[in-house]
Each structure stands twice: as structure tokens, then as C-alpha cells.
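Have a look at the structure below before the remarks.
FYI, the numbering just counts along the sequence from 1. All values derive from a computational prediction rather than experimental measurement.
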Amino acid sequence: MIPDFQKIMLPLLKSLSDGNVKNSNDFRSYIVKEFEITEEEQKIKTPSGKQLLLYNRIAWAITYLRMAELIKNSERGKYILSDLGRDVLKKPPVEITITFLKKFPKFNLNRNPNQDESIKEENTIDTADTLGKTPEELIEAGISQINNELSSSIMNQIKDSSPYFFEQLVIDLLLKMGYGGSDIESGEVTSKSADEGIDGIIKEDILGLDKIYIQAKRWNNNVDRPEIQKFVGALHGKRAKKGIFITTSNFSKKAIEYASSLDVSVVLIDGTKLTSLMIEYELGVTVKNVYKVKKIDSDYFLE
């Protein structure tokens with residue numbers, strides 16, 4: 001199990017007690033060994049999927065130890081134990097937490113150099129201290145919660161709409177995702193009188209060299225294997241090799257297993273994935289706020 005960044009801080013500090021200079025890779029190797037972190041766990045990413053969770057937590061542990069000036073840079077990207085850090089290790093705490101670091105005046109000053117009174121300790125440091133999450137993890141958790149609530153609202157709107165609107169929504173989403181080169185004429189909802197089990201058709205590319213056939217089910221009940229079999233039959237009737245089956249509900253285990261065993265490519269998109277894609281590609285949603293999280297540009301400071 002990957003430890004939270006607070007549990008990492010004391011071992012990092014102790015790793016410098018041998019007097020050697022260490023870099024981030026040295027710290028990572030030390031923490032992996034110290035906490036017996038498996039190769040699989042090392043591959044776990046943060047909720048955004050953009051960073052490795054272990055590396056992110058180690059980076060924040062380093063940042064906080066530097067803020068308290070328990071460690072310092074010997075040169076860019078390399079760290080040594082400070083005199084203050086050496087004093088702490090003479091009588092180390094059970095664990096170094098943010099609450100522990102707040103005892104050091106330099107930590108509070110470095111964390112809030114402008115002494116902005118609007119930054120309340122109980123809403124920032126203590127939250128991270130209690131949850132054991134880095135600031136980035138707290139941000140991502142907040143965004144995840146907002147998106148979960150948004151997904152629920154989107155699904156309610158879809159279920160209140162007509163079946164035809166849902167079919168058009170599916171075409172609009174695929175166009176947003178880049179199929180057909182986002183040309184509005186590259187996708188169409190089929191006529192009900194002659195759909196033959198196909199609700200929509202979209203070009204796979206801007207030239208229309210291949211077509212993808214779509215089935216859209218605005219259902220509450222799970223989609224089972226027979227429905228996928230009917231769709232596959234419709235694909236064979238069109239001599240098609242690619243299809244997307246989208247539903248507002250879920251797929252049964254048998255339906256998923258059947259779709260994965262076919263000689264044609266059938267992608268299954270359930271309600272959760274559907275709303276997630278709508279949020280990602282901004283269909284039926286608008287951007288309310290944009291927050292930029294910035295980091296230092298080390299290259300700028302190279303002399």
C-alpha cells in the first residue's frame with residue numbers, strides 16, 4: 001500500500017542521516033524498499049491519471065521538509081540534511097506531520113510568505129493533515145466529486161429527453177470526439193422506418209473510408225447478451241466490422257463477455273462512461289471556472 005505523504009516525511013529525513021547527497025530517484029528507491037511497495041503499486045496514478053501517485057506524494061514530502069528547512073538543496077535537484085533536520089533526528093517524533101512542522105516558524109513563513117490572512121489554517125494545512133492527502137490530491141478529489149454530481153444531472157436530463165434526442169446526442173458526442181473530422185454531415189440518425197437495428201451511422205474519418213454503426217438504448221434495465229447479438233446481426237447485414245452500443249444503463253457480464261469474443265469490433269459504452277465522455281469533450285456542459293495549478297520552471301533559473 002502506498003503511504004500518504006506525511007508517513008513518507010520521516011523516512012525521507014532519516015535517509016539523509018548517512019550524510020550523503022540524495023536526489024529524487026534515491027528517495028524513491030528508499031521509500032519503495034522501506035514500505036515494501038510492489039511494482040504494481042508503483043504504477044498507480046493520481047485520479048487525473050497524469051502523475052504516478054507514489055512520485056507525487058514523495059515530491060510533496062520533499063516540498064514540506066524543505067519548507068520547514070529540515071532539508072536543503074546542495075545543488076538543483078539534490079538534497080542534504082540541514083542542522084535543524086539533524087536536531088530533529090536526535091529525538092525524532094513517531095511521525096512527521098504537517099501539525100508537527102507547524103512548530104517551526106520557517107515552515108509557516110515559507111508556506112505563506114505574504115502572510116495572507118485569507119488563508120485559514122483549518123481549511124488548508126489541517127485538512128491535508130487529517131486526510132493525509134497532498135494539495136493536488138485534494139484538488140483532484142474535489143473535481144471528481146463535482147464531476148460525479150454533474151454526471152448524475154446529465155443522466156437525469158438524458159432520461160427526460162426523447163429517444164430521438166438521445167440518438168442525436170450520441171452522434172454529436174462521436175463528432176466531438178473527432179470521428180468524421182467533426183463535420184456535422186459525417187454523422188446521421190437513421191430513419192425509424194428503415195433502421196434495421198441501427199440507430200446511427202458515423203464516418204470513422206473525414207474522408208468516410210469506413211463507417212461505424214451505432215445502437216443507442218435509453219434504458220433503465222441492464223442490457224443483456226441477446227441485445228448485443230441482435231446488434232451484431234444488424235452489423236452483418238450491413239457487412240460492417242465496427243459498431244458502438246451505447247446505453248444509459250449498464251451491460252450484464254454475459255453481454256460484456258460476448259462482445260469481447262466477437263470477430264467484429266463492438267465497443268460497449270454504459271451510462272457512467274457516456275456522461276464521463278460528455279464532460280471530457282464538453283457536450284451538453286459549459287466551463288464554469290478554470291483554475292491553473294502552476295509549478296516552478298527550473299530551466300528558467302539555470303545560469
Side-chain angles (χ1 to χ4, degrees), residues 47-49 140-180 182 184 186-204 211-238 240-286:
S48 68
E140 290 182 5
I143 292 172
S144 179
Q145 182 179 346
I146 291 170
N147 284 345
N148 286 340
E149 293 172 0
L150 179 57
S151 292
S152 178
S153 298
I154 291 172
M155 186 53 66
N156 288 335
Q157 289 286 340
I158 291 174
K159 289 181 177 179
D160 287 341
S161 64
S162 68
Y164 181 84
F165 179 86
F166 178 54
E167 292 167 5
Q168 185 61 54
L169 179 153
V170 167
I171 297 294
D172 292 343
L173 175 60
L174 292 171
L175 288 171
K176 279 268 193 179
M177 292 172 69
Y179 291 96
S182 299
I184 194 168
S186 294
E188 62 175 310
V189 176
T190 57
S191 169
K192 280 296 173 190
S193 59
D195 66 9
E196 299 176 345
I198 302 296
D199 293 325
I201 304 170
I202 196 163
K203 296 176 184 176
E204 187 174 11
K211 291 180 179 179
I212 299 173
Y213 292 84
I214 302 156
Q215 178 73 272
K217 293 289 187 185
R218 194 173 59 102
W219 281 12
N220 290 321
N221 297 327
N222 282 357
V223 176
D224 211 342
R225 174 171 172 158
E227 292 299 322
I228 308 300
Q229 289 175 313
K230 290 177 188 175
F231 180 50
V232 172
L235 291 179
H236 286 320
K238 298 289 185 181
K241 292 187 177 297
K242 296 175 183 178
I244 301 175
F245 197 117
I246 301 181
T247 181
T248 51
S249 59
N250 298 297
F251 295 97
S252 70
K253 184 179 179 181
K254 288 183 178 179
I256 295 170
E257 289 174 347
Y258 174 70
S260 65
S261 68
L262 297 168
D263 57 353
V264 295
S265 179
V266 175
V267 175
L268 305 182
I269 299 178
D270 62 16
T272 301
K273 182 65 174 177
L274 171 63
T275 55
S276 175
L277 289 170
M278 289 178 67
I279 293 171
E280 181 179 352
Y281 290 93
E282 298 182 7
L283 177 66
V285 300
T286 57

side-chain contact (heavy atoms from CB on, under 4.5 Å) involving [X] - partner list, sequence neighbours excluded:
{"X": "I143", "result": "I139, N147"}
{"X": "Q157", "result": "none"}
{"X": "S162", "result": "Y164, F165"}
{"X": "S276", "result": "none"}

Are the side chains of [Y] and [X] in contact, using a 4.5 Å heavy-atom criterion?
{"X": "I246", "Y": "F166", "result": "yes"}
{"X": "V267", "Y": "I212", "result": "no"}
{"X": "V170", "Y": "I269", "result": "no"}
{"X": "L173", "Y": "M177", "result": "yes"}
{"X": "I171", "Y": "E167", "result": "no"}

Mind checking the [atom1]-[atom2] spacing from [X] to [Y]? Nearest 0.5 Å is all I need.
{"X": "S265", "Y": "L235", "atom1": "OG", "atom2": "CG", "value": "9.5 Å"}
{"X": "I202", "Y": "I214", "atom1": "CD1", "atom2": "CD1", "value": "5.5 Å"}
{"X": "K176", "Y": "L169", "atom1": "NZ", "atom2": "CG", "value": "11.5 Å"}
{"X": "Y213", "Y": "I198", "atom1": "OH", "atom2": "CD1", "value": "7.5 Å"}
{"X": "Y281", "Y": "D172", "atom1": "OH", "atom2": "CG", "value": "15.0 Å"}
{"X": "W219", "Y": "D270", "atom1": "CH2", "atom2": "CG", "value": "14.5 Å"}

**Message:** Salt bridge or not between K254 and E257? Use side-chain N to carboxylate O under 4.0 Å.
**Reply:**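 No salt bridge links K254 with E257.
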**Item:** side-chain hydrogen bond (donor to acceptor under 3.5 Å, both in side chains) partners for S252, two or more places apart
**Value:**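 S252: side-chain hydrogen bond (donor to acceptor under 3.5 Å, both in side chains) contacts with D224.
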Check: [Y] main-chain N/O paired with [X] side-chain donor or acceptor under 3.5 Å:
{"X": "S161", "Y": "I158", "value": "yes"}
{"X": "S152", "Y": "N148", "value": "no"}
{"X": "S249", "Y": "N221", "value": "yes"}

**Message:** One pair to check against side chain to side chain contact (heavy atoms under 4.5 Å, CB included): M155 and T248. What are the steps and the verdict?
**Reply:** CA-CA 7 Å; M155 186 53 66; T248 51; 3.7 Å; yes
**Asked** Is K217 atom NZ crowded by more than 12 heavy atoms from other residues, nucleotides or ligands, each under 6.0 Å away?
**Response**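 Yes, enclosed.
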**Message:** Once salt bridge (Lys or Arg N to Asp or Glu O under 4.0 Å) is applied, do any residues pair with K273, and if so which ones, sequence neighbours excluded?
**Reply:**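 None.
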**Asked** Looking at A255 and V223, what are the two nearest heavy atoms and their distance?
**Response**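 Nearest heavy atoms, A255 then V223: CB-O, 3.6 Å.
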